[in-house]
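These notes are about the structure you will find just below.
Counting begins at 1 with the first residue of the sequence.
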Amino acid sequence: MTTSVVIPSYNGQKHLVKNLPAVMALRADEVIVVDDASTDGTTQYPGVKFIRHPHNLRFPITVNDGFAAASGDIVFLLNQDVKPDASLITKTLPHFADSQVFAVTFNEEGRSWADGRWINGMLEFTNGKQDNKLHDSLWPSGGSSAIRRDVWNTLGGFDPVFSPGYSEDLDLGLRAHAAGYKIIWDPSCRVSHTPETSFNKEFSPKYLQYFKDRNYLLAMWRNMPIGTWSAHLT
């Protein structure tokens, strides 16, 4: 299986300088950075395929453009502030020997697999218990996961309706499960993440909370199992 790394980036020069050496050390078949019209001087790096948006298009479209440019069978989707463990590819690829595995989501410090269930018509989810076992995950993390590219294309990738971001990965995960695919969390597939979202610098807390709430409801309503709608009609 061939591999691509896709990194969506916005004003992330300091993160790329820090994390790209570890990314390049993975020896993926290609590394793609999609720069979403940064203003911090983000530029081309040796050995990296660099795509620059002339205008800011936000996270879902930036990721989609990275996948469209990728040629690998398996795409490692990493946020600009994520540093992969040296064994990430070798620990991840064996899972894709199972043709029903759509994605592997990675083990971040303090964040594990997405555990969720439908309760009284609402999708409730939480961070699953961190242990040394494989777990099925409700969705693949939009910032640290490996994804089968042909299934991504079949499912249509991230829906831009979730722009500027939040819950696009939840929506994708629900669609993948509905299509009969599996998403796995493997504790041995490790990354380190020093989250510093550009959203906090671009939008007010009130505006961000609006999009978090709106997008959660949108992902839930679009993917509700048959029989759960009645809870929303009373």
Side-chain angles (χ1 to χ4, degrees), residues 3-70 72 74-89 91-92 103-112 127 139-147 157-158 162-169 172 185 189-205 207-208 211-212:
T3 56
S4 301
V5 177
V6 167
I7 303 174
S9 180
Y10 178 66
N11 286 343
Q13 182 183 28
K14 67 178 183 180
H15 297 298
L16 295 174
V17 169
K18 176 183 177 183
N19 295 325
L20 270 177
V23 172
M24 301 305 291
L26 295 174
R27 297 190 178 277
D29 294 291
E30 64 182 357
V31 176
I32 301 169
V33 170
V34 186
D35 177 60
D36 197 25
S38 293
T39 59
D40 67 343
T42 299
T43 188
Q44 174 73 58
Y45 294 87
V48 175
K49 183 176 182 179
F50 193 76
I51 301 170
R52 187 189 296 275
H53 288 162
H55 307 289
N56 189 264
L57 300 177
R58 300 303 177 190
F59 184 77
I61 294 176
T62 299
V63 173
N64 287 347
D65 286 349
F67 271 79
I74 307 301
V75 177
F76 287 72
L77 177 58
L78 301 177
N79 275 353
Q80 61 190 13
D81 53 6
V82 167
K83 181 179 180 180
D85 185 83
S87 64
L88 185 64
I89 288 181
K91 293 287 181 65
T92 300
V104 176
T105 192
F106 301 146
N107 182 7
E108 301 181 22
E109 301 93 334
R111 180 181 297 177
S112 60
N127 197 37
W139 68 82
S141 169
S144 60
S145 59
I147 296 172
F158 287 157
F162 291 95
S163 294
Y166 297 115
S167 291
E168 67 285 323
D169 48 5
L172 179 65
W185 177 78
C189 299
R190 296 181 176 276
V191 298
S192 58
H193 189 191
T194 53
E196 185 182 322
T197 174
S198 59
F199 285 171
N200 292 337
K201 299 179 181 179
E202 296 291 316
F203 304 117
S204 69
Y207 191 75
L208 286 180
F211 271 103
K212 289 180 181 179

How close do [X] and [Y] get, counting heavy atoms only, and between which atoms?
| X | Y | result |
| --- | --- | --- |
| G143 | V82 | O-CG2, 3.7 Å |
| V5 | A28 | CG2-CB, 3.8 Å |
| P84 | L26 | CG-CD1, 3.7 Å |
| F106 | F76 | CZ-CD2, 3.6 Å |
| T92 | A146 | CG2-CB, 3.6 Å |
| Q80 | S9 | OE1-OG, 2.8 Å |

Answer yes or no: is there a donor N or O on one side and an acceptor on the other, between the side chain of [X] and the main chain of [Y], under 3.5 Å?
| X | Y | value |
| --- | --- | --- |
| N107 | C189 | no |
| N56 | A37 | no |
| D169 | G142 | yes |
| Q13 | V17 | no |
| E168 | S163 | no |
| D85 | S87 | yes |
| T105 | P140 | no |

First locate atom [atom1] of [X], then atom [atom2] of [Y], and finally report the distance between them rounded to the nearest 0.5 Å.
| X | Y | atom1 | atom2 | answer |
| --- | --- | --- | --- | --- |
| S4 | I147 | OG | CD1 | 12.0 Å |
| Q44 | L16 | CD | CG | 11.0 Å |
| I51 | I7 | CD1 | CD1 | 12.0 Å |
| Y10 | T39 | OH | OG1 | 5.0 Å |
| I89 | T3 | CD1 | OG1 | 4.0 Å |
| S141 | L78 | OG | CG | 9.5 Å |

- Message: Is the shortest side-chain heavy-atom distance between L172 and F158 below 4.5 Å?
- Response: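 A side-chain contact under 4.5 Å exists here.
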- Task: Measure the shortest side-chain to side-chain distance between N127 and S112 over non-hydrogen atoms and say whether it is less than 4.5 angstrom.
- Result: yes
- Does the gap between the ring centers of F162 and Y166 come in under 6.0 Å?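 No, the ring of F162 stays outside the 6.0 Å limit from the ring of Y166, centre to centre.
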- Message: Taking ring pair (Phe, Tyr, Trp, His ring centres under 6.0 Å) as the definition, give me every residue that meets it alongside F50, ordered by chain and number, with sequence neighbours left out.
- Response: none
- Listed partners of F67 passing ring pair (Phe, Tyr, Trp, His ring centres under 6.0 Å), at least two apart: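 Here the qualifying residues are W152.
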- Query: Which residue pairs pass the salt bridge (Lys or Arg N to Asp or Glu O under 4.0 Å) test when at least one of the two sits in residues 18-40, sequence neighbours left out?
  - Reply: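 Matches after skipping sequence neighbours: D35-R52.
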